[in-house]
Chemist: 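I'd like to ask you about the structure that follows.
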Amino acid sequence: MLPHTAGNKGCGVWMMSSSLPHLINNQISHNSIYGVAVFCRKDNAGDYPPSQGGSESFQEEREGPGGENEPDSEEEYLAARRPISVALVELNSINHNGAAGLHIKSSEALHIVANVIHANRDGGVVVLRSGQRTCLANNSICRNGRGGVLVEAECQVELRGNGIYENSSHGIVSKGEGVIAENDIIGNRRCGLQLLQAADMKVTKNRIQSFRDYAIALFDEAKGLVQENLIFQGRSKKSILLPISHAEDCIIQNNVLLTFKKRFDMECMLINPPARPHIEGGALGSCTAAGGQSVSSITTRVDGGCHNHGSIFCTIL
């Protein structure tokens, strides 16, 4: 466990998923490139992050433990006693990094649970390769400089119970396959959810809103199941965009449409159930999760003074 990893000229933490690391309850902030970069030793690494910001981009989208130390908390103790069967990133605050908060390029399984990923200069979470399923559960992904989550083609993901709020581009963009279920995707600057290329996703029981753009948009050969979502429409009344040319490839059923005139009327949108994890208040300060989520134990305060004089090395697990 690395209580505070900040101010590095490279990334904050570089993980090799094939060694099954557990990264738990850390502050990872103000690093020049990625907050956390996950690679796989079995893959061709030419993979050390570049010296400048990440190469991943949302610009292609369509317009429209365990160590030997005694754990300090009950959460750390329980995590340390779990069998180590998959790489795990849990209960971390990953914020104000120079590229994506979490950059994933691995063929191994990865679980990302109950983290606060916010105010990173690029996207919140970028999945560029995921040969086995990458699971994101109960994370707060908000106010990042581009989109909340980007999933590239041929990646397998499961997004469940996340709060994806107020990111500067789309909430989620997926070109891959998997499940998007029971998330709150609210207040993002562009679409709530875009499915592109050959995406094949099951999108169910989410709350999705976009004030200016479509809540859900499908392009290219994207297909899947879109059902039982609660969709909040803005003044434009845009809800689901599905080109007629491939409508037969996607089942859209039993979604509920509601209209809200105010852009960020979150209290009305997120009553029952309570909001999935999200940051209350400003970009700095305490991070709390509605509904008593375990992520509420994380704070995001970072003391100044080291951000311009960091080491070029990151922490490698």
Side-chain angles (χ1 to χ4, degrees), residues 12-13 15 17 22-29 34-38 75 79 86-97 100-104 106 109-120 122-127 130 133-151 155-174 176 178-188 192-193 203 205-208 266 270 273-280 283 286-300:
V13 178
M15 292 175 57
S17 59
H22 283 193
L23 182 66
I24 302 171
N25 201 17
N26 303 282
Q27 296 278 352
I28 303 168
S29 63
Y34 313 118
V36 178
V38 183
E75 289 158 346
V86 65
L88 176 67
V89 177
E90 183 178 26
L91 287 169
N92 301 284
S93 179
I94 304 170
N95 64 86
H96 294 91
N97 295 288
L102 186 53
H103 173 99
I104 300 164
S106 174
L110 174 65
H111 288 182
I112 302 161
V113 181
N115 300 280
V116 171
I117 303 170
H118 80 104
N120 297 286
D122 209 305
V125 179
V126 176
V127 184
S130 180
R133 183 162 290 195
T134 294
C135 298
L136 289 91
N138 301 322
N139 300 282
S140 173
I141 304 170
C142 69
R143 299 178 187 172
N144 293 288
R146 293 192 179 176
V149 179
L150 170 65
V151 180
C155 292
Q156 301 180 50
V157 297
E158 178 175 345
L159 282 76
R160 190 176 298 273
N162 301 285
I164 301 172
Y165 305 105
E166 299 180 42
N167 295 286
S168 296
S169 185
H170 307 289
I172 300 173
V173 174
S174 178
V179 176
I180 300 174
E182 300 177 355
N183 303 279
D184 289 337
I185 310 168
I186 305 289
N188 298 286
L193 168 64
V203 181
K205 297 182 179 179
N206 301 279
R207 291 184 291 200
I208 307 178
M266 286 194 180
L270 304 176
R276 273 78 180 198
H278 74 287
I279 296 175
E280 297 175 349
S286 296
C287 293
T288 59
Q293 299 285 349
S294 57
V295 76
S296 62
S297 65
I298 301 174
T299 59
T300 60

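Hydrogens, waters and symmetry mates are skipped; everything else that's a heavy atom, side chains included, is used.
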Chemist: Tell me, do Leu23 and Ile28 make a side-chain contact under 4.5 Å, heavy atoms counted?
Modeler: yes
Chemist: For Arg276, does its backbone N or O pair with a side-chain atom of Asp184 as donor and acceptor, under 3.5 Å?
Modeler: yes
Chemist: What's the spacing between Ser29 OG and Asn97 CG if we round to 0.5 Å?
Modeler: 6.5 Å
Chemist: How long is the span from the CD atom in Glu166 to the CD1 atom in Ile186, to the nearest 0.5 Å?
Modeler: 10.5 Å
Chemist: Gly147 and Ser169: which non-hydrogen atoms are nearest, and at how many Å?
Modeler: N-CB, 3.7 Å
Chemist: Just jot down the side chain to side chain contact (heavy atoms under 4.5 Å, CB included) partners of Cys135, sequence neighbours excluded, or say none.
Modeler: His111, Arg133, Glu158
Chemist: Output the distance between atom SG (Cys142) and atom CG (Asn167), rounded to the nearest 0.5 Å.
Modeler: 7.0 Å
Chemist: Check Lys205 with Glu182, please: is the shortest side-chain N to carboxylate O separation under 4.0 Å?
Modeler: no
Chemist: Nearest 0.5 Å, please: how far is CG in Leu102 from CD1 in Ile94?
Modeler: 5.5 Å
Chemist: Calculate, to the nearest 0.5 Å, the distance between atoms CG and OH belonging to Asn120 and Tyr34 respectively.
Modeler: 12.0 Å
Chemist: About how many Å separate CG of Asn115 and CG of Asn139, when rounded to the nearest 0.5 Å?
Modeler: 5.0 Å
Chemist: Out of Asn138, Asn206, Ile172, Leu136, which one pairs with Asn162 under the side chain to side chain contact (heavy atoms under 4.5 Å, CB included) rule?
Modeler: Leu136
Chemist: Taking all non-hydrogen atoms of both residues, which atom of Ser168 and which atom of Gly145 are closest, and how far apart?
Modeler: CB-O, 3.2 Å
Chemist: Only counting residues at least two apart or in another chain, list the ones meeting side chain to side chain contact (heavy atoms under 4.5 Å, CB included) with Ala181.
Modeler: Arg160, Val179, Thr204
Chemist: Given side chains that start at C-beta, do those of Arg146 and Asp122 come closer than 4.5 Å, heavy atoms only?
Modeler: yes
Chemist: In terms of relative ring orientation, are His118 and His96 parallel, tilted or perpendicular, with 30° and 60° separating the classes?
Modeler: perpendicular
Chemist: Run the side-chain hydrogen bond (donor to acceptor under 3.5 Å, both in side chains) test against Thr134 and tell me which residues pass, sequence neighbours left out.
Modeler: Ser130
Chemist: Just wondering, do Asn95 and Val116 contact through their side chains at under 4.5 Å, heavy atoms?
Modeler: no
Chemist: When you compare the side chain of Ile141 with that of Val149, does any pair of heavy atoms fall below 4.5 Å?
Modeler: yes
Chemist: Could you pull out the closest heavy-atom pair between Ser17 and Ser106, with the gap in Å?
Modeler: OG-OG, 2.5 Å
Chemist: If I compare all heavy atoms of Ala275 with all of Tyr165, which pair ends up nearest, and what's the gap?
Modeler: CB-OH, 3.7 Å
